[in-house]
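See structure below.
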Number of protein chains: 6
Amino acid sequence: MKQPHILCTENDVAEYVILPGDPERVLRVAAYLDKWREIGYSREFRTITGKYKGMPVTVTSTGIGGASTVIALEELIACGAKYFIRIGSAGAVKESIEIGDLIIPTAAVREDGASKMYISENFPAVADLELTNTIINTCRKLKYPYFSGIIRSHDAFYIDDEQDRMRFWNKKNILASDMETAALFTISQLRGVHAASILNNVVKFQGALKESIEEYVETDNIAKEGEKREIILALESFYRFYKEQGKCL
Amino acid sequence: MKQPHILCTENDVAEYVILPGDPERVLRVAAYLDKWREIGYSREFRTITGKYKGMPVTVTSTGIGGASTVIALEELIACGAKYFIRIGSAGAVKESIEIGDLIIPTAAVREDGASKMYISENFPAVADLELTNTIINTCRKLKYPYFSGIIRSHDAFYIDDEQDRMRFWNKKNILASDMETAALFTISQLRGVHAASILNNVVKFQGALKESIEEYVETDNIAKEGEKREIILALESFYRFYKEQGKCL
Amino acid sequence: MKQPHILCTENDVAEYVILPGDPERVLRVAAYLDKWREIGYSREFRTITGKYKGMPVTVTSTGIGGASTVIALEELIACGAKYFIRIGSAGAVKESIEIGDLIIPTAAVREDGASKMYISENFPAVADLELTNTIINTCRKLKYPYFSGIIRSHDAFYIDDEQDRMRFWNKKNILASDMETAALFTISQLRGVHAASILNNVVKFQGALKESIEEYVETDNIAKEGEKREIILALESFYRFYKEQGKCL
Amino acid sequence: MKQPHILCTENDVAEYVILPGDPERVLRVAAYLDKWREIGYSREFRTITGKYKGMPVTVTSTGIGGASTVIALEELIACGAKYFIRIGSAGAVKESIEIGDLIIPTAAVREDGASKMYISENFPAVADLELTNTIINTCRKLKYPYFSGIIRSHDAFYIDDEQDRMRFWNKKNILASDMETAALFTISQLRGVHAASILNNVVKFQGALKESIEEYVETDNIAKEGEKREIILALESFYRFYKEQGKCL
Amino acid sequence: MKQPHILCTENDVAEYVILPGDPERVLRVAAYLDKWREIGYSREFRTITGKYKGMPVTVTSTGIGGASTVIALEELIACGAKYFIRIGSAGAVKESIEIGDLIIPTAAVREDGASKMYISENFPAVADLELTNTIINTCRKLKYPYFSGIIRSHDAFYIDDEQDRMRFWNKKNILASDMETAALFTISQLRGVHAASILNNVVKFQGALKESIEEYVETDNIAKEGEKREIILALESFYRFYKEQGKCL
Amino acid sequence: MKQPHILCTENDVAEYVILPGDPERVLRVAAYLDKWREIGYSREFRTITGKYKGMPVTVTSTGIGGASTVIALEELIACGAKYFIRIGSAGAVKESIEIGDLIIPTAAVREDGASKMYISENFPAVADLELTNTIINTCRKLKYPYFSGIIRSHDAFYIDDEQDRMRFWNKKNILASDMETAALFTISQLRGVHAASILNNVVKFQGALKESIEEYVETDNIAKEGEKREIILALESFYRFYKEQGKCL
C-alpha cells in the first residue's frame with residue numbers, strides 16, 4: 001500500500017533512513033550516494049532511496065516540527081524502516097557551542113505537542129543507545145568536534161518569553177534547541193524502532209535569534225560545513241552499524 | 001529585513017494572505033490570480049505575491065502542523081500582513097460531512113503544541129469574527145454547501161487511541177480535525193491580526209483513516225472540487241472584504 | 001416536570017432567554033416587556049416570562065459565578081430554551097474601556113471551574129456566531145459604542161495576585177473580566193444551544209477594584225445607563241433574530 | 001467602607017457569621033434570634049445581624065458555588081468577621097446517609113474553581129479544628145445523628161459523567177457532595193479565620209439526582225427537619241464557642 | 001502471611017502504631033515501654049511490639065519520604081493496625097517556631113509523589129480528627145508548648161528554589177515542612193484507618209538549612225528534648241485514646 | 001563540613017560511589033572490597049569507603065524512594081563524588097524477564113515525586129551514556145544475561161490500580177519498575193554528575209506482587225545470585241571506567 005503522505009511502499013524504503021527537515025537537504029545527501037532515485041515528493045515530504053557504499057539507504061525530509069516528523073516516521077515504519085538518524089539544525093543553549101558545531105543528543109526535553117499526543121510527559125525522549133554510540137564513535141574517528149548531552153525540542157521560538165526560557169534551560173545543562181528530536185525519540189521508543197539525531201548548530205546562545213538565522217542563511221559557510229559534516233557522519237555511522245549488524249537485518 | 005524562513009521582506013507581502021498547508025496548492029491558487037511572482041521557496045514555505053481582481057494578495061504555504069504554521073504566520077506579520085485565511089484539508093468528526101464539503105471553523109480545540117508555547121490552554125482559539133462572517137456570506141452567495149462550528153486541531157493522528165478520541169469529540173459537537181487552525185487562531189488573536197480558516201473535508205468520519213486519505217489521493221475528483229471551492233471562496237471573501245474595508249487599509 | 005432550582009416547567013419558558021446575573025435586574029428587564037409574570041424565584045434564580053413586541057421571552061437570573069449559571073442554563077434547556085443572551089457586568093482589562101461601555105465577547109478565557117467540570121480546558125468558550133452578529137449589528141443600529149473581542153471569565157477577584165493577573169491579560173489583548181460568560185459559552189456549545197453575552201463595564205482597568213465597584217454602586221448613573229443599554233440591546237437583538245428566523249422556531 | 005457586594009460595614013457584622021447558601025434560609029435562621037435587622041440584600045447576598053441568647057451573630061447568604069461564596073467571605077472578613085459556620089445542602093455519596101441526616105465535614109476535595117484561583121490544588125481544604133470539635137460535641141449533646149469525614153465540593157452536577165464520578169468518590173470514602181465548602185475552608189485557612197460546615201443531606205446516593213431534588217422540594221418534611229437541625233446546631237455551637245472563648249474576642 | 005518489607009504478621013502488630021522515621025528512634029521509644037521485642041528490621045523498617053502501661057503498642061520506622069512510609073503503612077494495615085501516630089522531625093516555615101517546639105498538623109499540603117500515586121491532588125491530606133484532638137488535649141495536659149495547623153510535606157529540600165518556596169508557604173500560613181505526613185494522612189483516609197502526626201522542629205525558618213540541621217545534629221540538646229516530648233506525647237495520647245475507646249477494639 | 005544525613009565529609013568520599021537501596025547490601029558490597037571502613041550510619045544512610053583492586057570507592061545506601069535517594073545523592077556530590085551506579089531491585093514489566101535477570105536502564109519514566117520537585121516532567125530522566133556503555137560492555141564480558149531499555153520509577157505499588165498501570169506500561173515497551181532510578185538520573189543530569197543503574201529483577205510480570213516479593217524474601221537463591229551479579233558488575237564497571245579515565249580525575 002502506498003503511504004498517503006510520503007507516497008512510498010514497502011518496496012521503496014530501506015531499513016536505514018536519514019531524516020533531514022528540509023526537502024532541499026535530501027538532495028544534498030543524495031550527492032554522497034552511489035546512486036539514487038526519488039520515490040515521492042509531496043508537501044514537505046521528499047523521499048529518495050539509494051545506496052551508500054553498497055548499503056541501501058532512504059532519505060526522507062520531515063518538514064519543521066514534531067507533527068510532520070511523526071507522520072513521516074509512522075509511514076516509514078509502515079514501509080519497514082527500522083533505523084533512523086535525523087540530521088537537523090539547532091540553536092545553541094550553551095555558551096561554548098559555536099556555529100557549525102555538531103550536537104549528538106542523548107535525550108530531549110519534550111516541549112513539543114506531537115509526542116504528548118502519544119504518551120504522558122514523564123516518558124523519556126531518549127535516543128537509541130547503540131545507534132548513538134555508533135555516531136559518537138564515528139564522529140571521533142572523523143575528528144569532528146561535537147557536544148553530546150540533553151537538548152530540548154519545542155514547537156515555537158517566536159514566543160514573547162523566548163529569552164527567559166533559553167536562560168532557564170541554559171542553567172539546566174541543556175545543550176541546544178530543535179523542533180523534531182523529542183517526537184522522533186519518543187515515538188521510536190514506543191514503536192520499538194531505533195532513532196538517533198545529529199544537529200548542526202546555526203544560532204549562537206544569546207545571539208539575537210532572527211538576525212542569527214538570517215546571518216546563517218546569508219553568510220553560512222561555516223554552517224554549511226556543519227551540514228556537510230552531519231550528512232557524512234550520518235552516512236558513515238549507518239555504514240559502520242550496517243557492517244557490524246548487517247547479517248541479522 | 002528578509003525573514004529567515006519565508007525569505008520575504010516587507011515589500012513582498014500584501015496585507016491579505018492565503019495560507020494553504022501544501023506548497024503545491026500555492027500554485028493552484030496562483031492559477032486564479034491576474035498575475036503573480038514567486039518570492040521565496042524554502043523548506044515547506046513557498047510564497048507568491050500577486051493580484052486578484054486588482055487586490056494585492058500573498059499566498060504562503062505553512063507546511064503540516066502548528067509549529068511550521070506559526071513560523072510562517074509570525075514572519076508574515078513581521079512583513080506587514082494583517083488578514084489571513086487558511087485553506088486546508090480536514091477529517092470529518094461528524095457523520096453527515098461528506099468528502100469535498102467545506103467547513104468554516106468558528107473556533108478550535110487546542111490539542112496542538114505550538115499554541116501552548118504562547119498561552120495557557122484556557123485561552124480560546126477563536127476565528128476573527130468579521131473575516132469569518134465575510135467567508136460565510138460569500139460561501140452562501142457562491143452556493144457552496146458548508147458546515148460552520150467548532151473543530152479540533154491536533155499534532156498526531158497515528159496514535160493508538162485515535163478512534164476513541166474521534167468518538168469522544170464526535171459526542172462534543174466537534175465538526176472536523178485539522179492540524180493548523182488552532183495555532184493560527186490563537187497566535188493571530190494574541191498578535192492582533194485577523195485570521196479565519198476554510199477546510200475541505202478529505203476523510204469521512206469513522207472511515208479508516210489511511211485508506212480514506214489514500215483513496216482521496218488517488219481518486220480525488222470530489223476532494224479536488226472541494227479544494228477548488230476553498231480557493232475561490234478564500235479569494236472572493238478577501239475581495240469582498242477588501243472592497244468594503246479597503247479605504248482604511 | 002418542574003425543574004428543581006429554577007422551578008419552571010416546559011410550559012413556562014420561551015425559546016429566547018435573557019440571563020442577567022442579578023435577580024433585581026430581572027425586574028429592570030421586565031419594565032421593557034409588554035406583559036410578564038413571575039414563574040419562580042428561589043435562591044438566586046428569579047424567572048419571569050413575558051412578551052417583547054409580541055415575541056415570547058423569558059428572563060432568568062443566574063447568580064454570580066459559573067456554578068449557578070450552569071444550573072440555570074441546564075434547567076432552562078430542559079424546559080426547551082434555545083437562545084440565550086447574558087446581560088452582565090464586567091471589569092475592563094483594557095485601558096480605553098470606560099464605565100458604561102458595552103462589551104460583546106466573541107469568546108472567553110476559561111479561568112472558571114464550572115466549564116472544566118464538563119470538558120478539558122483546550123475546548124474553546126466561543127459565542128454563537130449568528131446571535132453575536134445580530135447583537136453587533138443591532139448595537140451599531142442603536143449607535144451604542146461597544147468593544148468586541150475576547151474576555152476572561154474567572155471565579156475570584158479578591159486573590160492576592162489580582163493586579164498581576166490583570167496586567168498579564170491586558171498584554172494578551174483581553175478586553176474585560178466577568179464570572180459567567182465562559183461557562184455559558186462552553187456548555188451551550190456542548191449542548192447545541194445558542195448563547196451570546198453583552199457586558200456593561202463597571203470598573204476601569206487598573207482602578208482600585210473595591211473602590212471602583214463601590215463608586216459604581218453609589219454614584220452609578222453612567223453604569224446604570226450601560227445596564228439600560230444592554231437590556232435594550234438584548235431585547236432588540238432577540239427581536240431582530242426572531243423576525244428573521246421566527247418561522248422555523 | 002461599605003462592602004460592594006454584601007453592602008455591609010464593619011459596624012454591621014459580628015465576629016460570628018452563619019453562612020447559608022439560600023437567601024430565604026437567612027430568614028429561617030432569623031426565626032431563632034432574639035432580635036435582628038436586615039443589613040443588606042443584593043443579588044444572592046442577604047445579610048442580617050442580631051443576637052442569639054445575647055451573643056452577636058450575623059447571617060449572610062452566599063448563593064450557590066464557590067465564586068459567590070468567596071466574595072461574601074472576603075467582604076465579611078473585611079468587616080471584621082472571624083468565625084464562620086456554613087449551613088448548606090448536600091447530596092450523599094455514601095449509601096447509609098439518609099435524607100435529613102447531618103454531615104459535619106472535616107475537609108473537602110477541591111473540585112471547585114474558586115479555591116484554585118487562590119492556591120494550588122495540593123493545599124488542603126480543611127475545616128477549623130476547634131470550631132468543628134465544638135459542632136460535633138454540640139451535635140452529640142443535641143442527640144442529632146450525624147456523619148463526619150471528608151466531602152467533595154464541585155462546580156457542576158449536570159455533567160454527562162456525574163454517575164461515574166459519584167461512584168469513584170464513593171469508593172474513596174467521600175461522604176457527600178456540596179458546592180461551597182472547599183472554597184470556604186481553603187480561603188479561611190489562607191486568611192487566618194475559622195470556618196466549619198454543617199450539611200443537611202437532601203439527595204440519597206445513587207438516587208436519580210433531579211428526581212431526588214424535586215422530591216425533596218415537594219415533599220420535604222424530613223429535609224426541612226434536617227435544615228432546622230443544622231440551624232440550631234450552628235447557633236448552639238457558636239454560643240458554646242462564644243461562652244468558652246468569649247473573653248479573648 | 002509475613003509482610004515482604006516490614007517482615008511482620010498479624011500476630012506481631014498492635015492496633016496502635018507509632019511511626020518514627022528513623023530506625024534508631026524506635027529504640028528511643030522502646031525505652032518508655034514496659035517490655036518489648038523486635039519483630040523485624042529490614043532496610044529502613046525496624047518494628048518492635050510491646051506494652052505501654054498495659055496497652056499493646058507497635059513501633060515501626062518508616063524511613064525518609066512518602067514512598068517508604070506508605071509501604072510501612074500498607075503492610076501494617078494488612079497486619080491489623082488501625083491507629084497511627086507519626087513522630088518525626090520538621091523544619092519551621094513560621095518565624096515564631098523554635099527548635100524543639102512541637103507541631104501537631106491538622107492537614108498537609110501534598111507536595112509529595114506517593115500520595116499522588118493514589119489520588120488526585122485535590123483530595124485533602126487531613127489528620128484523623130479524634131486522634132488529633134486526643135493529642136492536643138494530652139499535649140495541653142503535659143504542658144508542652146505546641147503549634148497546630150497546616151504543614152507541607154515534600155520530596156526534596158536541596159532544590160535550587162528552596163528559599164523561594166519556603167517564603168511562598170510562609171505567606172500561606174503553613175507552619176512547617178516534613179516529608180511523610182501528607183502521604184500518611186492521604187492513604188489513611190483512603191484506607192479508613194486513623195492517623196495523626198507529631199513533629200519536633202529541628203530547623204528555624206530562614207535559617208540556613210544545612211547548617212541548621214548540622215547544628216541540630218551536633219548540639220542538639222533542645223531538639224533531643226523535643227524528640228523526648230513527642231515520644232511521651234504519642235504514647236500518652238494513645239493510652240488516653242485506648243482507655244476511652246478500648247472496649248470496642 | 002560533615003553532611004547532615006550521610007554524616008560524611010569531603011575526605012570520606014571517593015569519586016566513584018555505589019548506591020544500593022538497602023543498608024544491609026552495603027555490607028554485601030563490602031565483602032568484595034580489598035579493605036573498607038564505615039564512615040556513617042544514620043537512618044537508611046550507611047556509608048562505607050574502601051578500595052576495589054586499588055580503586056577508591058564509596059558505598060552509600062539510599063533507602064527506598066526518590067526522596068531519600070536524592071538526599072544521599074546531593075550530600076555525596078557536596079563531598080566530591082562524581083560517578084554513581086545504583087544497584088537495586090526491580091519488578092519486571094515485560095513477560096520475558098526472569099527472577100535474577102539484570103536490567104540496565106537507559107532512561108526512566110518519571111512517576112516519582114522527588115524529580116518533579118527539581119524540574120518539569122518533560123525533562124528526560126536519562127542515564128549517563130558513557131557509564132552505561134561501560135556497564136553494558138562489562139556485563140557482556142562477564143557473560144551475565146541482561147535487558148537494556150526504558151524503565152519506570154514510581155512512589156507506590158500498593159495502589160488500587162497497580163495491575164492496570166503495569167499492563168499500560170507493558171504495552172509501552174517499559175522493561176521494569178523501581179523506585180529510585182528516575183530521581184537519580186534526573187538530578188545527576190541537572191548537577192552535571194554521572195549516574196547509571198543496574199537492577200536485579202525480583203518480581204515476575206503479572207505475578208502477584210506481595211507473594212512474589214515474599215517468595216523472593218524466603219526462597220531467594222536466584223535473586224541473591226542476581227544481587228551478587230549486580231554488585232560485581234558495578235564494581236568491575238567502575239574499575240574499567242577508572243582505568244580508562246583515571247588520569248583526568
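Just the heavy atoms: all of them, side chains too, but no hydrogens, waters or symmetry mates, feed the values below. Below, chains carry the letters A, B, ... as their sequence lines are ordered, and counting in each starts from 1.
For a residue to count as touching a neighbouring chain, one of its non-hydrogen atoms must lie under 4.5 Å from one of that chain's; by this rule D:Ser115 does not touch chain E. Both the backbone and the side chain of D:Leu190 come within contact range of chain E, each with at least one heavy atom under 4.5 Å from a heavy atom of that chain. For chain E, the nearby part of D:Ala108 is the backbone; its heavy atoms alone come within less than 4.5 Å. There is no contact between D:Arg152 and chain E, counting heavy-atom distances below 4.5 Å.
Salt bridge annotation for E:Glu236-E:Arg240: absent, with no cationic side-chain nitrogen under 4.0 angstrom from a carboxylate oxygen.
Taking the centre and axis of the six-membered ring of E:Phe205, the NZ or CZ atom of E:Lys94 falls outside the cone set by 45° and 6.0 Å.
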Self-check item: E:Glu74 and E:Ile187: CA distance, side-chain angles, deciding distance, side chain to side chain contact (heavy atoms under 4.5 Å, CB included) verdict
Solution: CA-CA 8 Å; E:Glu74 293 271 23; E:Ile187 283 75; 4.0 Å; yes
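The local environment of NZ in D:Lys228 is sparse, with at most 12 non-hydrogen atoms from other residues, nucleotides or ligands closer than 6.0 Å.
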